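Here the structure is laid out as structure tokens; the discussion comes afterwards.
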Number of protein chains: 2
Amino acid sequence: MHYTRDNMAGLLRSHDINPTHQRIEIAHALFSRQEHLSADQVMAIVNTRHSETSKATVYNTLKLFLEKGLVREVIVDPSKVFFDPNTSPHHHLYEVDSGKLSDIDAEHVVISGLPPLPAGMVTEGIDLIVRVRRTG
Amino acid sequence: MHYTRDNMAGLLRSHDINPTHQRIEIAHALFSRQEHLSADQVMAIVNTRHSETSKATVYNTLKLFLEKGLVREVIVDPSKVFFDPNTSPHHHLYEVDSGKLSDIDAEHVVISGLPPLPAGMVTEGIDLIVRVRRTG
DNA sequence: TCCGGATATTAGACAAAGTCCAGATCGACG
DNA sequence: CGTCGATCTGGACTTTGTCTAATATCCGGA
């Protein structure tokens with residue numbers, strides 16, 4: 001599967017998102033890299049050659065992608081939110097010093113013994129973040 | 001154990017923190033409530049009667065408490081950091097709609113199957129956050 | 001008691017992330 | 001082509017948090 005811009009249009013449509021120029025560029029930035037990017041980084045990537053997409057649009061679009069389940073939000077750093085194009089169940093490894101964020105496959109991870117939820121509540125998601133630091 | 005201001009002074013000393021007026025007030029705000037508070041909330045509480053403590057001091061003090069292991073940082077909301085006076089191992093339940101944050105005792109929770117850490121890394125902490133939402 | 005240095009506090013300027021809005025622009029369709 | 005709803009935009013604004021230089025407080029020793 002190549003993350004071409006044409007394929008992005010299809011991906012957007014399949015998530016009920018009208019594929020505009022800007023949205024395709026933003027989706028392409030996220031999916032072709034398969035990395036965790038902040039809004040800032042997305043903006044920088046999309047506007048490398050010449051300014052194409054405004055800050056407001058980047059934020060609006062990322063929020064839209066989030067609502068439509070195209071990307072996932074990862075909150076590990078108090079100063080910025082990361083957007084993750086991988087929506088399959090997985091966890092995160094965060095290197096505190098460098099700010100590097102990587103995936104931990106959920107396949108073999110088991111979390112057991114959680115207490116029952118309060119009445120009238122449904123789980124929206126379980127975030128497991130392993131914070132690590134370089135020794136010495 | 002009552003969380004009197006006098007006891008706060010002892011608590012601070014036992015964590016190698018010089019117990020000043022402002023620090024005692026801030027510690028008292030956190031520990032007497034045993035709740036998760038943001039810097040904003042701490043500032044509001046400490047300055048209810050009349051302005052006593054500046055913003056800079058609140059931030060400096062919370063950071064100091066963090067370094068000295070007196071409180072713990074909880075990152076669940078992209079817009080603000082919460083400070084948790086409970087430093088014993090535990091997890092968190094976050095109600096997305098209301099922003100309410102509560103503890104999950106770690107005693108019976110088991111997390112297994114995590115992959116080995118990259119070489120030269122040590123775990124700084126594992127954060128488990130259960131995000132819930134009220135059923136519609 | 002007075003002095004001096006170390007530690008703490010402060011106001012306010014500043015920075016960065018994100019939101020908001022009113023107007024401009026786009027693009028599909030008749 | 002002209003219209004209309006959807007989208008995009010610049011820029012002002014808000015909020016959280018940081019920084020700095022000046023001031024205040026504390027404490028030990030002469």
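Because the structure is a prediction, the values reported are computed rather than measured. Quick note: numbers below take in every heavy atom, side chains included, and nothing from hydrogens, waters or symmetry partners.
For DNA chain C, the outermost nucleotides in 5' to 3' order that have an atom under 4.0 Å from a heavy atom of chain A are C:dA17 to C:dC20.
When the C1' atom of D:dT9 is taken as reference, atom CG of A:Asn47 falls 12 Å away, rounded to whole Å.
Residue B:Phe82 is not grouped with residue B:Phe31 when hydrophobic side chains (ILVMFWY) are merged at heavy-atom distances under 4.5 angstrom, including chains of intermediate members.
For the atom pair CE (B:Met43) and OG (B:Ser38), the distance works out to 9.5 Å, reported to the nearest 0.5 Å.
Of the residues in residues 9-31 of chain B, those lying under 4.0 Å from DNA chain C by heavy-atom distance are B:Asn18, B:Thr20, B:Gln22, B:Arg23. Listed by residue number, A:Lys55, A:Ala56, A:Tyr59, A:Ser79, A:Lys80, A:Val81 are the residues of residues 52-85 of chain A with a heavy-atom contact under 4.0 Å to DNA chain C.
Put simply, the side chain of A:Phe65 reaches to within 4.5 Å of the side chain of A:Ile17, judged on heavy atoms. With a 4.5 Å cut-off on side-chain heavy atoms, B:Glu52 and B:Glu25 count as touching. Inter-residue side-chain proximity for A:Pro115 and B:Ile104 is flagged as met; some heavy-atom pair is nearer than 4.5 Å. Two residues are said to be in side-chain contact when any heavy atoms from C-beta on lie closer than 4.5 Å; B:Val109 and B:Leu128 meet this criterion. Side chains of A:Asp77 and A:Tyr94 form a contact here, defined as non-hydrogen atoms less than 4.5 Å apart.
Not counting sequence neighbours, the partners of A:His28 by the side chain to side chain contact (heavy atoms under 4.5 Å, CB included) test are A:Arg5, A:Met8, A:Ser32. Legend: residues meeting side chain to side chain contact (heavy atoms under 4.5 Å, CB included) with A:Asp103, ordered by chain and number and at least two apart, are A:His36, A:Asp84, A:Asn86, A:His90, A:His92. By the side chain to side chain contact (heavy atoms under 4.5 Å, CB included) test, B:Pro89 pairs with B:Ala106, sequence neighbours left out.
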